There are 2 protein chains.
Amino acid sequence: MALRHAVLAALLDGEASGYDLAKQFDASVANFWMATPQQLYKELERMTADGLIAARVVEQEKRPNKRLHSITESGRAALRAFIADSTKPTVIRDEMLVKIQGMDSGDAPAVEAVLVERIGWAEAKLARYERSRTRMLAGRSEQAYLSESVHIGPYLTLLRGIAFEQENIRWAQFSLDAIRRRRTAALDPVDRLVPP
Amino acid sequence: MALRHAVLAALLDGEASGYDLAKQFDASVANFWMATPQQLYKELERMTADGLIAARVVEQEKRPNKRLHSITESGRAALRAFIADSTKPTVIRDEMLVKIQGMDSGDAPAVEAVLVERIGWAEAKLARYERSRTRMLAGRSEQAYLSESVHIGPYLTLLRGIAFEQENIRWAQFSLDAIRRRRTAALDPVDRLVPP
DNA sequence: AGGCACATGTAAAAGGTTACATGATTGG
DNA sequence: CCAATCATGTAACCTTTTACATGTGCCT
């Protein structure tokens, strides 16, 4: 039941609709907790029932009405309790690595395509994160930001996301090179013991 | 339904019991796919029913009997199909980062403890991975291993795990320092505009 | 005309966690 | 003597994914 704590942390920034949160928790944006809109709408209802958040309806004319949620004092207390409580280990589930683990020489072309795709995704995510970082720093140095700003949490988690995607790219490039070298080596007449 | 493909990849190494696999998929060992023993026993049954793996019972005297599972030709085909199929994005769920994101100055001591704990886990995991790497290389250079050995998948995924834990340590140490500096700065009389 | 952004949901199915259950052997 | 390792499962519960459902406004 940690999705609710991720939502509470997100609401520290201010009011948000389910739709707003869905964007933040989207797989292509979130770097440490993801959730689908369906999960969020249901969880927001439960959290409202439990008094952790409060909702107000904003009527809009050219758009559907929306419910804006904000954290309550009880919600803040729940978040503090969560932070002090024991932490579960990180869950990583990466289909791509299952493919790498299980690949055979015959799978080389498919695996190369998977790695190229991964590099593309990681680069796109990294670019987004870097833009976000620039916006947060707003001209200040990292040193200055870390000592001056009130909440450094979002900046620190962003740094973790940036490091993760950089490592992704570095590793995928290395693996791609290794696999390609084997493919060309296997075909290269120079490597044959007995020339044809 | 990707657990089954992770199991198939694991069985490329040779026969394994549910218990053997449970050790490999344990949270403290696995670096890209985890599963509890309960999940595995159930999935192994289904996979046997689907003909992806075959089981044989080994009777033991001083231990409970065990069922050793091996991949079938149909299982190999399923794994190849999985590798060629589209890949789902990586799922990361890290409670610790939720805590970092949602922390307030009052949570500093708890957050520091969480970071210290994480560094300890990451170091333990890293040590295990490094030992595993040494064993795999068996004296050869990485270059030599990558061009000579038949299956490089497990080595490449291991490298990803090593990089992940190294990044974990580096980032956690950085964050810990940042948080501690703020704490001491807040208490340090030198920083006061008006000395007491 | 077609697609994306906004905005909210329901329902069924699949997947994952936690608690319970058993019992011998080995090592410190 | 206590803890860990070996070895397998059942059952209840909770979480997550996927498919379905609706409708307006804006931009190209």
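A quick note: this is a predicted structure, and the numbers were derived from the prediction, not measured. Sequence lines set the chain letters: A, B, ... in the order given, protein chains first and strands last, and positions in each chain run from 1.
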* To do: Classify the side-chain pair S105(A)/R182(A) by whether it contains a donor and acceptor separated by less than 3.5 Å.
  => no
Between [X] ([atom1]) and [N] ([atom2]), how many Å, whole number?
X      : N       : atom1 : atom2 : result
R63(B) : dC6(D)  : CZ    : C1'   : 5 Å
L3(A)  : dG15(C) : CG    : C1'   : 16 Å
Q60(A) : dC26(D) : CD    : P     : 12 Å
E59(A) : dC6(C)  : CD    : C1'   : 16 Å
M1(A)  : dC13(D) : CE    : C1'   : 11 Å
K66(B) : dG9(D)  : NZ    : P     : 14 Å
Q39(B) : dA11(D) : CD    : P     : 18 Å
R67(B) : dC6(D)  : CZ    : P     : 18 Å

* To do: Could you check whether the rings of H5(A) and F82(A) sit parallel, tilted or perpendicular, using 30° and 60° as the cut-offs?
  => parallel
Whether [X] contacts [N] is assessed here as follows: a side-chain N or O lying under 4.0 Å from the phosphate OP1 or OP2. Is that the case?
X      : N       : answer
Y41(B) : dT8(D)  : yes
K88(B) : dT18(D) : yes
K42(A) : dA11(C) : no
Y19(B) : dC6(D)  : yes
K23(A) : dA7(C)  : no

* 5'-most by nearest nucleotide on DNA chain C - V91(A) or D20(A) -> D20(A)
* Indicate the atoms forming the closest heavy-atom contact of L115(A) with M96(A), along with that distance. => CD2-SD, 4.2 Å
* Using a heavy-atom cut-off of under 4.0 Å over every strand shown, decide if R93(A) touches base, sugar-phosphate, or nothing. => sugar-phosphate
* To do: Mind checking Q38(B) for me? I need base, sugar-phosphate or nothing, with any heavy atom below 4.0 Å counting as a touch.
  => base
* **Distance, nearest 0.5 Å, that separates OG1 of T90(A) from CE of M34(B)** => 7.0 Å
* **Electrostatic pair R160(A)-E167(A), nearest N-O below 4.0 angstrom** => no
* 5'-most contact on DNA chain D: P64(B) or A2(A), nearest heavy atom basis? -> P64(B)
* To do: Assign each of L68(B) and W33(A) to its nearest nucleotide of DNA chain D by heavy atoms, then name whichever residue's nucleotide is nearer the 5' end.
  => L68(B)
